[in-house]
Amino acid sequence: MKNYLILIILLFSVKSIAQNASKETFQKNKYELALSYLKKSEYVKALDLFSLASKIKPENKIGQESLREIDTLKEILRKDVLEKISGTWLVTGDKPIWTVKTSENFNNQKVDKLVEVAQDKILFYEQDRASKVKKLIKTEDLLYFNTDRADSLYSAFILSDGRVWDCIFDEDIRVMRAINIAKHGKKGIQKITENNPEVYFVRMK
C-alpha cells in the first residue's frame, strides 16, 4: 500500500512538472511573438500578446517583463488615441447616423448634444439649433480605466457615474463609437457582455 501511494504521488508530481514546463513554453512563445510585433511597431497586437504572456505565469521573469512592456505600450497607444479624439464631437444617437430611424430622430431634434475632448477633461454641452446658444452641462476628468495592469484594454475611460466606455475611432469617416463595457459600483467592476449601450459621434472640429 505504501509503495502504491508513493507511485501515485510521483505520478502527480511528474504531471505537475510537465504542465508547468508546457505553460512556460507557451508563455515564452507568446512573449517572443509579442516582441516581433513590437519591432514592427504593431503595438496593439504586441499589447494583446504581452497581456496573455503576463497572465500565464505572472510571477516569473517573462511575466514581469511582459507587465513592463504593457505599461509602456498603453502609454504610447493612449497618447495616439487622445490625439485622434481631441476636439469637438456631435452626438448622433445610440445607433449609426446612416440608419433611417436614427437619421430621422437626429434631424427632428431641437437641441444638439456636443462633447469636447481636451487634454485632461471631457466637456458636455447642449446647443440650441435655432439660437446656436451653447450651454455647458457637465465636466468630467479624463480618466483611463486601468484596474488590471495586465489587461490589454487601453482606450477605455471611466466617468464619475462609474460607467466605463471604450472608444473606437474611424479616421476615414470621422466617426467615433463609444461602447459601455462595464460599470464600477459598490460591488466592484461589473462587466457588460451583451446589449451594451452605445453612443455614436461625428467630428465637428
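In this chain, residues are counted from 1 in sequence order.
Residues F157 and F145 place their aromatic rings such that the two centres sit no closer than 6.0 Å. Separation of the W89 and F124 ring centroids does not fall under the 6.0 Å cut-off.
At distances below 3.5 Å, at least one donor-acceptor pair connects side-chain atoms of E140 with backbone N or O atoms of S160. The main-chain N or O of A53 is found under 3.5 Å from a side-chain atom of Q27 such that the two form a donor-acceptor pair. K74 places a side-chain N or O within 3.5 Å of a backbone atom of D151 that can act as its donor or acceptor partner. No side-chain donor-acceptor contact under 3.5 Å links N180 to the backbone of I192. Not one N or O on the side chain of N195 forms a donor-acceptor pair closer than 3.5 Å with the backbone of P197. Formation of a donor-acceptor pair under 3.5 Å by the R129 side chain with backbone atoms of Q109 is found in this model. Looking at T88, its side chain never comes within 3.5 Å of a backbone N or O of M204 through a donor-acceptor pair. A donor-acceptor pair is defined here as one N or O able to donate and one able to accept, closer than 3.5 Å; no such pair exists between the side chain of D141 and the backbone of K121. Distance alone, capped at 3.5 Å, places no donor-acceptor pair between the S54 side chain and the S66 backbone.
The closest side-chain donor-acceptor pair between E32 and N29, if any, does not fall under 3.5 angstrom.
Contact annotation: the side chain of V175 never approaches that of R203 to less than 4.5 Å [non-hydrogen atoms, C-beta and beyond]. Looking at heavy atoms from C-beta onward, R163 lies in side-chain contact with K183 at the 4.5 angstrom threshold. Side-chain atoms of L114 and L90, non-hydrogen and from C-beta on, do get closer than 4.5 Å to each other. Counting heavy atoms from C-beta on, the side chains of L142 and Y144 come closer than 4.5 Å. I122 places none of its side-chain heavy atoms less than 4.5 Å from the side chain of T139. For the pair V199 and W165, the minimum side-chain heavy-atom distance is below 4.5 Å. Contact check for I137 versus L123: no side-chain heavy atoms found under the 4.5 Å cut-off.
The one candidate from L73, L33, L47, L49 that meets the side chain to side chain contact (heavy atoms under 4.5 Å, CB included) condition with L38 is L73.
With respect to the salt-bridge test (charged N to carboxylate O, under 4.0 angstrom), the residues K132 and D128 do not qualify. Salt-bridge annotation for R177 and E198: present, with a side-chain N of the basic residue lying under 4.0 Å from a carboxylate O of the acidic one.
The two residues F169 and M176 come nearest to each other via the heavy atoms CD1-CB, 4.3 Å. Counting all heavy atoms, side chain and backbone alike, N146 lies closest to R78 at OD1-NH2, 3.6 Å.
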Show, in sequence, the C-alpha distance, side-chain angles and deciding distance for D71 and R149, and conclude whether the salt bridge (Lys or Arg N to Asp or Glu O under 4.0 Å) test is met. CA-CA 7 Å; D71 291 339; R149 185 183 171 194; 2.6 Å; yes
